[in-house]
Amino acid sequence: MGIRIESVSAMSAFVQAAELRSFKLAGQQFGLSSSAIGKAIAKLEDQLGVRLFHRSTRAIALTQEGEIFLDRCRRVLSELEAAEAELAQTTASPRGRLRVGIPFAGDLLTPLFGEFSARFPEIELELDYNDRLVDVIEDGFDAVIRTGEVSDSRLMHVKLGDFSSRLVASPGYLAKAGVPRKASDLVQHRLLHHRIYETGKLVDWDLSVPEETALPVALATTSLEPLIRLAEAGYGIASVPYFAVAGLMTAGTLREVLPGAKKRSRALRLLWPRSNFPLPKVSAFVKFITESLRSTLSEVAK
């Protein structure tokens, strides 16, 4: 029996459920309940005359027929997406919902997003501020801005620029606790650390200290924003990207500690799902952010 055009949405639900191994998680991708996803897939099974999933109270698993059908569905949906994107390139202006994942970056990015939104009023810009290592495709992002290298072949990426970190503290904290003169002096201070959410490891401070010396941990956060606010409020010394605190340092609410310490450069990149025919909204965002942020980083992220 052939697949009718109204079954395309059911195929999309089936692919999501198969990849996520959950009707509930698949429903979240579409804004539907798990029961709605289950009913759509059951109707698809009736239409095909085969069972696509083994179901239990705890989990779902693909049947042999489901494995075969999944591969075919991916190809069909990919072709439909490519056809839609190709037509959109020639017939539509940038529009629609654009979900972007970004790290906290002080005042570096926010003004750019405001300018982009004003320039493209038909794009509904949704900003997800977080410091987690997200899966761009699985988590439903149209684009993300992240540091480091890229190893996912499913993604396109462009380097926006380089940045380095600074050790910073408030003038009040330094007046009370003293100003460190060398890296080993830091063991006498309250140090505020950035902890990587996925691994639980502390971000390296890139300091030359005796091998047996362990930098103390007064507190650690998985996000840069509270780390910067705590340093600004006088609770200790933090190591943060320069572009995230450049304005605060200029204003004098934060001062650099050990300005002569070595500074390792890192790359800031824009990533988005690979496609032969990217949607106009994605192309517009990539072009705007690349041009805007490259010039900004060349001045700020030293």
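The analysis underlying the following values was restricted to heavy atoms, covering all of them including side chains, and did not include hydrogens, waters or symmetry mates.
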Under 3.5 Å, which donor-acceptor pairs do the side chains of residues 117-124 form with other protein atoms, sequence neighbours left out?
residue, atom, partner, partner atom, Å
Arg119, NH2, Glu115, OE2, 3.1
Glu122, OE1, Ser93, OG, 3.1
Glu122, OE1, Arg95, NH2, 3.2

Hydrophobic cluster (4.5 angstrom, side-chain heavy atoms) - remaining members for Leu155: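 Same cluster as Leu155: Val134, Val136, Ile137, Phe141, Val144, Val150, Leu271.
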Salt bridge check, [Y] against [X]: does any charged N sit closer than 4.0 Å to a carboxylate O?
X: Asp185; Y: Lys182; value: yes
X: Arg51; Y: Asp46; value: no
X: Glu79; Y: Arg75; value: no

Pairing residues for [X] by the salt bridge (Lys or Arg N to Asp or Glu O under 4.0 Å) criterion, not counting sequence neighbours:
X: Arg58; value: none
X: Lys159; value: Asp162
X: Arg146; value: none
X: Arg99; value: Glu126, Asp128

Side-chain heavy-atom pair [X], [Y] within 4.5 angstrom cut-off:
X: Glu138; Y: Leu20; value: yes
X: Arg55; Y: Ile41; value: yes
X: Pro103; Y: Asn130; value: no
X: Val50; Y: Thr63; value: no
X: Leu192; Y: Ile237; value: no
X: Ser165; Y: Arg266; value: yes
X: Val100; Y: Asp142; value: no
X: Glu225; Y: Tyr129; value: no

With sequence neighbours excluded, what pairs up with [X] under the ring-ring contact (aromatic ring centres under 6.0 Å, His included) test?
X: Trp272; result: none
X: His193; result: Trp205
X: Tyr235; result: none

Counterpart residues, side-chain hydrogen bond (donor to acceptor under 3.5 Å, both in side chains), relative to Arg72 (two or more places apart):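 In terms of side-chain hydrogen bond (donor to acceptor under 3.5 Å, both in side chains), with neighbours along the sequence ignored, Arg72 is linked to no residue.
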Counterpart residues, side-chain hydrogen bond (donor to acceptor under 3.5 Å, both in side chains), relative to Arg181 (two or more places apart):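 Testing Arg181 for side-chain hydrogen bond (donor to acceptor under 3.5 Å, both in side chains), a comparison that skips the adjacent residues, returns none.
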Ring geometry between Phe23 and Phe53 (parallel below 30°, tilted from 30 to 60°, perpendicular above 60°):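 Answer is perpendicular, since the angle exceeds 60°.
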Geometric class of the Phe113/Phe285 ring pair [parallel <30°, tilted 30-60°, perpendicular >60°]: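 Because their plane-to-plane angle is under 30°, the rings of Phe285 and Phe113 count as parallel.
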Glu45 side chain to Leu52 backbone, donor-acceptor under 3.5 Å: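 A pair under 3.5 Å: yes.
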Donor-acceptor under 3.5 Å (Arg269 side chain, Thr147 main chain):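 Flag not set: sc Arg269 to bb Thr147 has no pair under 3.5 Å.
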Going from [atom1] on [X] to [atom2] on [Y], what distance comes out if it is rounded to the nearest 0.5 angstrom?
X: Leu127; Y: Leu109; atom1: CG; atom2: CG; answer: 9.5 Å
X: Thr221; Y: Tyr197; atom1: OG1; atom2: OH; answer: 13.5 Å
X: Ser170; Y: Leu248; atom1: OG; atom2: CG; answer: 11.5 Å
X: Phe243; Y: Ser164; atom1: CZ; atom2: OG; answer: 10.0 Å
X: Ile196; Y: His194; atom1: CD1; atom2: NE2; answer: 7.5 Å
X: Leu254; Y: Ile228; atom1: CG; atom2: CD1; answer: 8.0 Å

Residues Glu232 and Thr253: side-chain donor-acceptor under 3.5 angstrom: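 A donor-acceptor contact under 3.5 Å links the two side chains.
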If you look at every heavy atom in [X] and [Y], which pair is closest and at what distance?
X: Leu62; Y: Leu70; result: CD1-CD2, 3.7 Å
X: Ala10; Y: Ala40; result: CB-O, 3.9 Å
X: Leu227; Y: Ala238; result: CG-CB, 4.0 Å
X: Ser292; Y: Leu112; result: CB-CD2, 3.8 Å
X: Leu191; Y: Pro216; result: CB-O, 3.3 Å

Residue pairs, two or more places apart or on separate chains, that pass side chain to side chain donor-acceptor pair (under 3.5 Å) and touch residues 19-34: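 Sorted pair list: Glu19-Arg74, Ser33-Ser35.
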Do [X] and [Y] sit in one hydrophobic cluster, given that two such residues count as connected whenever their side-chain heavy atoms are within less than 4.5 Å of each other, even indirectly?
X: Val240; Y: Leu202; value: no
X: Ile289; Y: Met156; value: yes
X: Leu125; Y: Ile102; value: yes
X: Leu186; Y: Val203; value: no
X: Ile60; Y: Leu25; value: no

Evaluation steps, ring-ring contact (aromatic ring centres under 6.0 Å, His included), between Phe14 and Phe69: CA-CA 9 Å; Phe14 164 69; Phe69 191 58; 5.3 Å; yes
CA sep, side-chain torsions, deciding dist, call: Arg195, Leu219, side chain to side chain contact (heavy atoms under 4.5 Å, CB included): CA-CA 10 Å; Arg195 189 181 297 279; Leu219 62 83; over 6 Å; no
CZ (Phe30) with more than 12 external heavy atoms under 6.0 Å: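 More than 12 within 6.0 Å, yes.
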CZ/Arg255: more than 12 non-hydrogen atoms of other groups inside 6.0 Å: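 For Arg255, atom CZ is not crowded (no more than 12 foreign heavy atoms under 6.0 Å).
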